[in-house]
Amino acid sequence: MKIYFSGAHSSGKSTLARYTSEKYKLPMISETARMILSEQELQIDSLRSNLDVANQYQKNVFDRQIIEETNHNEFVSDRCLIDILAYSGQHASILPELVNSLEFAQHLQFIKDAKTCIFFVRPSKVTLKSDGVRESLNWDGVVAIDAQIKLLFQMYDIKYFQINADSMQERIGMIDAVLSLHK
């Protein structure tokens, strides 16, 4: 099974992905954007001031996500390629290049596979907390990314399970219920 946690930053995806990875004993793909930031010693807020750097960064994240996913038959991923497209649309100018690429067309079928389960974690002011990467946390920015992700899911007819509960207990209960039926 391939399990994705999709949604805007600081919405609790990483916590849910770690829980799911541990409970279901599946390898976890950590957020590739953080990997690239670390490897290139970049600060995410500094990307906002240089479009060329932002474009290259988003392309690297896109490519790495595909590579990481193709390295496993089953996994839990703390992001979905759709998230990367949403961030590319918000902070770079390469979205048309990415959505028109052969890599995206091929990977879209991978995402839509019957053995794939996507949890769309919606933002909540109750659960919103700094992720330690961004210098500031902006509710409007979180909502804008959330809206772009939802639009992309709709555009590409990608099925997902929406998580919008504030309670961790309710979130985990939903994940377990869905996965018990999704085997």
Checklist entry - Quick one: salt bridge (charged side-chain N to carboxylate O under 4.0 Å, His left out) pairs with a partner in residues 53-77, sequence neighbours left out? => result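 Applying salt bridge (charged side-chain N to carboxylate O under 4.0 Å, His left out) to every pair that reaches into residues 53-77, excluding sequence neighbours, yields Glu39-Arg64, Lys59-Asp63.
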Between [Y] and [X], is there a side-chain heavy-atom distance shorter than 4.5 Å?
X	Y	value
Gln154	Asp157	no
Ile158	Leu108	yes
Tyr57	His91	no
Val76	Tyr24	no
Gln106	Leu102	yes
Ser77	Gln65	yes

Would a distance-only check, ignoring hydrogens and angles, find a side-chain to backbone donor-acceptor pair under 3.5 Å from [X] to [Y]?
X	Y	value
Thr70	Ile67	yes
Ser21	Arg18	no
Arg79	Ile29	no
Thr20	Leu16	yes

Next on the checklist: For the aromatic rings, using the six-membered ring if either is Trp, is the centroid distance between Tyr160 and Tyr4 under 6.0 Å?
Outcome noted: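 Ring centres of Tyr4 and Tyr160 not closer than 6.0 Å.
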Checklist entry - Is the gap between the ring centers of Phe104 and Tyr156 under 6.0 Å? => result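 Yes, ring centres under 6.0 Å apart.
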Checklist entry - Only one of Asn164, Asp146, Ile163 forms a side-chain contact (heavy atoms from CB on, under 4.5 Å) with Phe120, so which one is it? => result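 Testing Phe120 for a side-chain contact (heavy atoms from CB on, under 4.5 Å) against Asn164, Asp146, Ile163 leaves exactly one candidate, Asp146.
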Minimum heavy-atom distance [X]-[Y], with the two atoms named:
X	Y	result
Asn55	Ala92	OD1-CB, 3.1 Å
Phe5	Val121	CD2-CG2, 4.0 Å
Ile149	Ser6	CG2-OG, 3.6 Å
Leu95	Gly89	CD2-CA, 3.8 Å
Pro123	Val142	CB-CG1, 3.5 Å
Pro27	His72	CG-ND1, 3.9 Å

Next on the checklist: Check this for me: Lys112, atom NZ, are more than 12 non-hydrogen atoms of other residues, nucleotides or ligands nearer than 6.0 Å?
Outcome noted: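 More than 12 heavy atoms, drawn from other residues, nucleotides or ligands, come within 6.0 Å of this atom.
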Next on the checklist: Is it true that, when you exclude Asn73 itself, more than 12 heavy atoms of the residues, nucleotides or ligands shown sit nearer than 6.0 Å to its CG?
Outcome noted: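 No, the 6.0 Å shell around CG holds no more than 12 heavy atoms from other groups.
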Checklist entry - Is it true that Asp176 and Lys23 make a salt bridge, defined as a side-chain N closer than 4.0 Å to a carboxylate O? => result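 Here Asp176 pairs with Lys23 in a salt bridge, since their nearest N and O are under 4.0 Å apart.
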Item to check | Cluster overlap Leu85 with Phe110, hydrophobic side-chain contacts below 4.5 Å | outcome: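 Yes, Leu85 and Phe110 fall within the same hydrophobic cluster.
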Next on the checklist: Applying a strict under-4.5 Å side-chain criterion to I, L, V, M, F, W and Y, I'd like to know whether Phe62 and Leu151 cluster together.
Outcome noted: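 Result: yes, single cluster for both.
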Next on the checklist: Looking only at side-chain N and O atoms, does Gln56 offer a donor or acceptor that is under 3.5 Å from a partner on Asn60?
Outcome noted: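 Short answer, yes.
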